[in-house]
Amino acid sequence: MHCPACGQQNDPGSDACGNCMLSLSHVEAAAHDRLESSLSAEPVSSLKPRQPVVVAADANLGSAIRAMIDRGVGAVLVVEADGKLVGILTERDFLAKVAGQPSYAAMDVRAFMTRDPECVAPTDTLAFALGKMDAGGYRHLPVVDDGRPIGVISVRDILRHVTQLCRKP
């Protein structure tokens with residue numbers, strides 16, 4: 001059985017992943033219904049991930065928050081000049097790390113972003129992405145190809161997918 005968080009192959013019936021120690025008690029070996037089948041077989045790309053809102057690694061917090069507000073998103077991806085993902089800056093980061101900082105707008109994004117964020121590939125299964133979100137408490141996951149962001153998925157995207165599956169006869 002594959003761990004939905006890290007992809008490690010574990011022995012059938014394992015209680016926890018041998019790599020990341022995620023509890024596997026909720027992971028079934030075979031899907032029993034349409035929802036389980038979808039989560040275990042459909043790729044992240046089936047969610048049609050939104051285009052990522054990106055900021056340069058040398059950007060300031062003022063420009064990052066302006067991009068989030070202007071585009072109506074809860075996270076921006078931070079990239080180097082070559083387009084490689086180096087971090088993510090979320091609403092939660094602003095509340096937990098930035099709020100109360102004097103003159104925050106001029107401060108560097110690098111000082112407050114989450115470095116080397118967990119990511120998924122467009123070919124990873126929905127269960128794998130959901131497992132990562134659950135294990136890490138993430139609301140947003142960058143979708144990357146060769147280290148470059150090509151999209152972002154959120155908990156809301158997965159909930160919408162699940163809701164649509166539940167509505168189908």
Side-chain angles (χ1 to χ4, degrees), residues 1-10 17-22 24 26-27 31 34-61 63-94 96-97 108-165:
M1 129 180 16
H2 282 90
C3 173
C6 73
Q8 170 81 20
Q9 176 63 36
N10 294 281
C17 175
N19 182 47
C20 70
M21 302 310 293
L22 177 74
L24 298 176
H26 65 286
V27 178
R34 184 175 51 234
L35 176 57
E36 289 180 54
S37 294
S38 173
L39 293 176
S40 63
E42 290 189 50
V44 166
S45 61
S46 70
L47 295 178
K48 297 182 176 69
R50 291 180 315 280
Q51 285 287 12
V53 177
V54 299
V55 296
D58 61 357
N60 62 43
L61 289 174
S63 63
I65 199 166
R66 175 56 40 209
M68 290 171 71
I69 292 168
D70 289 348
R71 299 282 299 276
V73 297
V76 292
L77 304 184
V78 184
V79 297
E80 290 289 357
D82 63 0
K84 297 272 186 168
L85 181 69
V86 294
I88 186 170
L89 187 68
T90 68
E91 294 166 323
R92 188 181 293 171
D93 291 324
F94 275 99
K97 301 175 188 175
D108 290 336
V109 165
R110 281 185 204 268
F112 298 93
M113 71 181 187
T114 300
R115 295 180 185 279
D116 303 317
E118 288 286 339
C119 300
V120 290
T123 55
D124 287 334
T125 65
L126 296 177
F128 182 73
L130 190 57
K132 281 191 172 202
M133 290 172 137
D134 180 41
Y138 310 128
R139 290 182 282 176
H140 300 89
L141 273 182
V143 181
V144 298
D145 184 20
D146 194 29
R148 290 178 174 78
I150 60 170
V152 174
I153 60 169
S154 68
V155 170
R156 182 176 289 153
D157 297 327
I158 293 178
L159 284 173
R160 189 173 296 120
H161 179 78
V162 168
T163 302
Q164 288 171 353
L165 285 171

(request) Evaluate side-chain contact (heavy atoms from CB on, under 4.5 Å) for Glu118 paired with Leu141, printing each intermediate quantity in order. (result) CA-CA 7 Å; Glu118 288 286 339; Leu141 273 182; 4.0 Å; yes
(request) Before giving the answer on side-chain contact (heavy atoms from CB on, under 4.5 Å), spell out for Glu42 and Thr125 the whole-Å C-alpha distance, their side-chain angles and the decisive distance to 0.1 Å. (result) CA-CA 5 Å; Glu42 290 189 50; Thr125 65; over 6 Å; no
So, for [X] and [Y], which heavy atoms are closest and what is the spacing to 0.1 Å?
{"X": "Leu77", "Y": "Pro149", "result": "CD1-CB, 3.5 Å"}
{"X": "Met68", "Y": "Ala75", "result": "CE-N, 3.8 Å"}
{"X": "Ala64", "Y": "Val76", "result": "O-CG1, 4.1 Å"}
{"X": "Gln8", "Y": "Asn19", "result": "OE1-CB, 3.6 Å"}
{"X": "Ser154", "Y": "Arg50", "result": "OG-NH1, 3.9 Å"}
{"X": "Val78", "Y": "Ala57", "result": "CG1-CA, 3.5 Å"}

(request) Answer with yes or no whether the side chains of Ser38 and His161 bring together a donor and an acceptor at under 3.5 Å. (result) yes
Run the salt-bridge test on [X] and [Y] with the 4.0 Å N-O cut-off and return the result as yes or no.
{"X": "Asp157", "Y": "Arg160", "value": "yes"}
{"X": "Arg115", "Y": "Glu80", "value": "no"}
{"X": "Asp146", "Y": "Arg148", "value": "yes"}

Approximate separation, where rounding is to 0.5 Å, of [X] [atom1] and [Y] [atom2]:
{"X": "Ile158", "Y": "Leu126", "atom1": "CD1", "atom2": "CG", "answer": "6.0 Å"}
{"X": "Asp124", "Y": "Ile153", "atom1": "CG", "atom2": "CD1", "answer": "9.0 Å"}
{"X": "Asp108", "Y": "Met113", "atom1": "CG", "atom2": "CE", "answer": "10.0 Å"}
{"X": "Leu22", "Y": "Cys3", "atom1": "CG", "atom2": "SG", "answer": "4.5 Å"}
{"X": "Arg156", "Y": "Arg139", "atom1": "CZ", "atom2": "CZ", "answer": "10.0 Å"}
{"X": "Asp145", "Y": "Cys119", "atom1": "CG", "atom2": "SG", "answer": "11.5 Å"}

Looking at [Y], is its backbone amide N or carbonyl O close enough to the side chain of [X] to form a donor-acceptor pair, meaning the two atoms are under 3.5 Å apart?
{"X": "Thr90", "Y": "Asp93", "answer": "yes"}
{"X": "Ser40", "Y": "Glu36", "answer": "yes"}
{"X": "Lys132", "Y": "Val120", "answer": "no"}
{"X": "Thr163", "Y": "Leu159", "answer": "yes"}

(request) Name all residues meeting the salt bridge (Lys or Arg N to Asp or Glu O under 4.0 Å) criterion together with Arg92; count only those two or more places apart in sequence or in a different chain, and write none if there are none. (result)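 Arg92: no salt bridge (Lys or Arg N to Asp or Glu O under 4.0 Å) contacts found.
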(request) Taking the side chain as every heavy atom from C-beta outward, state whether Pro49 and Val44 have any atom pair closer than 4.5 Å. (result)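 Yes, their side chains come closer than 4.5 Å.
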(request) Side-chain contact test, heavy atoms from C-beta onward, threshold under 4.5 Å: evaluate it for Cys17 versus Cys6 and give yes or no. (result)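 When only atoms from C-beta onward are counted, Cys6 and Cys17 do touch, with a gap below 4.5 Å.
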(message) Using the rule given for side-chain contact (heavy atoms from CB on, under 4.5 Å), can you reason through Val109 versus Asn60, listing the C-alpha separation, both sets of side-chain angles and the distance that settles it, and then say yes or no?
(response) CA-CA 5 Å; Val109 165; Asn60 62 43; 5.7 Å; no
(request) Under the side-chain contact (heavy atoms from CB on, under 4.5 Å) rule, what do Phe94 and Leu89 come out as? Steps first, then yes or no, please. (result) CA-CA 8 Å; Phe94 275 99; Leu89 187 68; 3.6 Å; yes
